[in-house]
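To start, the structure itself, in structure tokens.
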Amino acid sequence: MRELKSLIQDIYKGKNLESNLKRYKDMAVRIYNDYAALELTMSGYVLLQEALEEKPELAAKEKKMIDSICRALGSLAEEDCDYAGIISEISGIRQEITDKMDLLTAYTDRLLCYEYVLNRMEFTYMPEKELDERFADVEEEDVLREIMGYIFSDEDTGAIQDKLNIVIGQIPVHMTKSKLFEKIRETATLYKGGDKSSLDSFFYMLRTSSMLHKPQKYVDEYPDIRKVLERLTNTDYKTVEKAEYEQLKELEEKGGQALYDLTDFYYTMQRVVNRIYALCLSLPYESAESRDVRESKEIWRHLAKQEYEDEMLVPLEGRIEKYVEQSGYLESVLFEIENSYKKELDKMGLEKFIKDCVLVSKLLSDSLFIDLDKEMAEETADAAYVQELTESFLQELSDQLSFVSRPIKKAIMGRILESLPKLFQSTEEIEEYIRVNLFGCQNKAEKYIVMAILRDVMEQEW
């Protein structure tokens, strides 16, 4: 590790580039091959276990993709492997999974909006006297202290923001459309001067949260989930009786479980696909097969025939951790190498290798659906681009909010508020928002259920 750290520092300083870039290549090949091989072995095992034991119905639905993955595993274990052929097939599978996940993500966000509405109806059918008795001992200031303690129980600012967003997403929405739009504009301006892709991702998230994103690919593949969403969409929530509410709640929960099972399965499959793709890029540079790669190949041969036993993985336990750290060091200087040393790379014939390294780093990251074609050097989002995307989204959102019923409108606004960072400038503003919007809520049923929901959230955390 000391040698790797020293090498990274020298490359940053531009010292002895010819020899150091060669050393970088040797280290990157060894680290990425071992890391990707172990990752593929573990994730391939998990996929087969899920497919054959836990989710055989989903595996049967995607049998063609599972069979292709198994063939690729077997091919990778052979000396005369056709890496280009595997990439051609596996990249098609990767795109198919990505498109299906885009649809399922949109479905999940729609379902979350209806869950928001149904949750707030739970106490609607309880007599007001019973409600008051149930919450007679609740002191609002005590609840406020609990909520604030939950939000700021972590020192990490990112964790604090995440918890704050969860709380704000649950609290009853008492905000005008114009005020919400103002908040969205304020947040969008934070992306000015940054990467366009970051702003694109922000608005993608808002569009799915507000049920505006409606992918068309594979819409016929999940009829049961589509029926659930159609029933929830066509319900008039202002006239729902208790018996129908219970049916809707059961329907929503079943739909949620089905979506979870599907997305979890595709996540597992995409992890395997990405690791196969990464190895097809890195293994051709290998000059001598390492122990980790050799022992992994033995396991791939079994996995290719859909054979797996727990004992297979025992010899590999504890090996992968060091490669996680080492790959992080490699990637810390990868962008610098690709963009600052183009002449040196061209002279040494390393341009393709570095481009392959960039792809491998993406494929081994936790961002399983990352765009492999996007260059690391991003375009900058100027003021005009920010305004264009913002106003386009706000027009869509305005039309959407005008069309949906009030309960759905509040759900959409709540989901959007949950996605906006930096809504408040101080803890006092947060406290005031909670007091006004939660404790000042005139709908007792909604007020009490939100307090109960927040209590559940905090108890799960603690």
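If you read the sequence from its start, that first residue is 1, and numbering goes on from there.
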TODO: Please assess Q400 against K409 for the test side-chain contact (heavy atoms from CB on, under 4.5 Å), listing each intermediate value before the final yes or no.
DONE: CA-CA 8 Å; Q400 174 85 319; K409 179 179 178 179; over 6 Å; no

Open item on the list: A side-chain contact here means heavy atoms from C-beta on lying under 4.5 Å apart; do E155 and I160 qualify?
Closed with: no

TODO: Check whether the ring centres of Y277 and Y83 lie less than 6.0 Å apart, and answer yes or no.
DONE: no

TODO: Starting from the C-alpha separation in whole Å, work towards a yes-or-no answer on ring pair (Phe, Tyr, Trp, His ring centres under 6.0 Å) for Y267 and F369.
DONE: CA-CA 9 Å; Y267 265 101; F369 302 93; 5.4 Å; yes

- [ ] Taking the six-membered ring of Y150 (Phe, Tyr or Trp), confirm whether the NZ or CZ of K163 is under 6.0 Å from its centre and within 45° of its axis.
- [x] yes

TODO: Please assess D264 against K55 for the test salt bridge (Lys or Arg N to Asp or Glu O under 4.0 Å), listing each intermediate value before the final yes or no.
DONE: CA-CA 10 Å; D264 182 63; K55 300 170 182 174; 2.7 Å; yes

Task: Chi angles and distances behind the side-chain hydrogen bond (donor to acceptor under 3.5 Å, both in side chains) call for Y32, D356 - done: CA-CA 11 Å; Y32 277 139; D356 285 342; over 6 Å; no

Open item on the list: The test is side-chain hydrogen bond (donor to acceptor under 3.5 Å, both in side chains); show your working for K177 and S398 and say whether it passes.
Closed with: CA-CA 8 Å; K177 186 172 77 171; S398 179; 3.0 Å; yes

Open item on the list: Is it true that, when you exclude R301 itself, more than 12 heavy atoms of the residues, nucleotides or ligands shown sit nearer than 6.0 Å to its CZ?
Closed with: yes

Open item on the list: Holding to salt bridge (Lys or Arg N to Asp or Glu O under 4.0 Å), I want the full list of residues that pass it with E96, two or more places apart in sequence or in another chain.
Closed with: K100

Open item on the list: Regarding T98 and Q270, do their side chains bring together a donor and an acceptor under 3.5 Å, going by distance alone?
Closed with: yes

Open item on the list: Any donor-acceptor pair under 3.5 Å linking the side-chain atoms of K362 with those of N274?
Closed with: no

- [ ] May I ask you to check whether Q460 and D456 show a side-chain donor-acceptor distance below 3.5 Å?
- [x] no

- [ ] Mind listing the closest non-hydrogen atom pair of T41 and A37 along with its distance?
- [x] OG1-O, 2.8 Å

TODO: Examine the side chains of R120 and Q170 and answer whether a donor and an acceptor come within less than 3.5 Å of each other.
DONE: yes

TODO: Give a yes or no on whether the ring-centroid distance for Y448 and F123 is below 6.0 angstrom.
DONE: no

Task: Partner set under salt bridge (Lys or Arg N to Asp or Glu O under 4.0 Å) for R145, not counting sequence neighbours - done: D142

Open item on the list: Contact between V240 and D236 at the side-chain level, heavy atoms closer than 4.5 Å - yes or no?
Closed with: no

Task: Where L118 and L248 come nearest, the two heavy atoms and their spacing - done: CD1-O, 3.9 Å

- [ ] Work out which heavy atom in F393 is nearest to a heavy atom in S210; give both atom names and the distance.
- [x] CE1-OG, 3.9 Å

TODO: Kindly indicate, with the supporting measurements, whether the criterion salt bridge (Lys or Arg N to Asp or Glu O under 4.0 Å) is fulfilled by K249 and E122.
DONE: CA-CA 9 Å; K249 189 64 180 171; E122 184 174 342; over 6 Å; no

- [ ] Please examine the side chains of S361 and L334, heavy atoms only from C-beta on, and report whether any two atoms are closer than 4.5 Å.
- [x] yes

Task: Closest heavy-atom pair and its distance - R185, E391 - done: NE-OE2, 3.0 Å

TODO: Identify the two heavy atoms, one from I66 and one from A59, that lie closest to each other, and give their separation to 0.1 Å.
DONE: CG1-O, 4.3 Å

Open item on the list: To the closest 0.5 Å, what do you measure between CD (E39) and OG (S296)?
Closed with: 10.5 Å

Open item on the list: Other residues, nucleotides and ligands only: do more than 12 of their heavy atoms fall within 6.0 Å of CD on E133?
Closed with: yes

- [ ] Could you check if a side-chain atom of T187 sits within less than 4.5 angstrom of a side-chain atom of P421, using non-hydrogen atoms only?
- [x] yes

Open item on the list: If only side-chain N and O atoms count, and only distance matters, is there a donor-acceptor pair under 3.5 Å linking D109 with H213?
Closed with: no

Task: For L251, side chain to side chain contact (heavy atoms under 4.5 Å, CB included) partners two or more places apart - done: V228, R231

- [ ] Taking the six-membered ring for Trp and the single ring otherwise, decide whether the centroids of H302 and Y308 are under 6.0 Å apart.
- [x] no

TODO: Taking all non-hydrogen atoms of both residues into account, name the closest pair between C81 and I86 and its distance.
DONE: SG-CD1, 3.5 Å

Open item on the list: If you count heavy atoms of other groups shown closer than 6.0 angstrom to CZ of R226, is the number above 12?
Closed with: yes

Task: CE-OG distance between M413 and S209, expressed to the nearest 0.5 angstrom - done: 14.0 Å

Task: Donor + acceptor pair across side chains of T105, T208 (<3.5 Å) - done: no

Task: Heavy-atom side-chain contact between T124 and E446 under 4.5 Å - done: no

Task: D382 side chain near K192 side chain, heavy-atom distance below 4.5 Å - done: no

Open item on the list: Under a 3.5 Å cutoff, is there a donor and acceptor pairing between the side chains of S68 and R71?
Closed with: yes

Task: Parallel, tilted or perpendicular, as decided by the 30° and 60° cut-offs, for the rings of Y433 and F424 - done: perpendicular

Open item on the list: Heavy-atom count check: over 12 atoms from other residues, nucleotides or ligands less than 6.0 Å from N234 CG?
Closed with: yes

Open item on the list: Pairing donors with acceptors under 3.5 angstrom, does anything connect the side chains of Y35 and Q326?
Closed with: no

Task: Near-ring test Y222/Y107, centroid separation under 6.0 angstrom - done: no

Task: Sub-4.5 Å side-chain heavy-atom contact between L438 and I147 - done: yes

TODO: In sequence, state the C-alpha distance, the side-chain angles, and the governing distance for Y266 and E62, and then conclude on side-chain hydrogen bond (donor to acceptor under 3.5 Å, both in side chains).
DONE: CA-CA 10 Å; Y266 287 126; E62 300 296 0; 2.4 Å; yes

- [ ] Establish, from distance only, whether the side-chain atoms of T233 and Y114 form a donor-acceptor pair under 3.5 Å.
- [x] yes

Task: Validation row: Q161, L164 side chains within 4.5 angstrom (heavy atoms) - done: yes

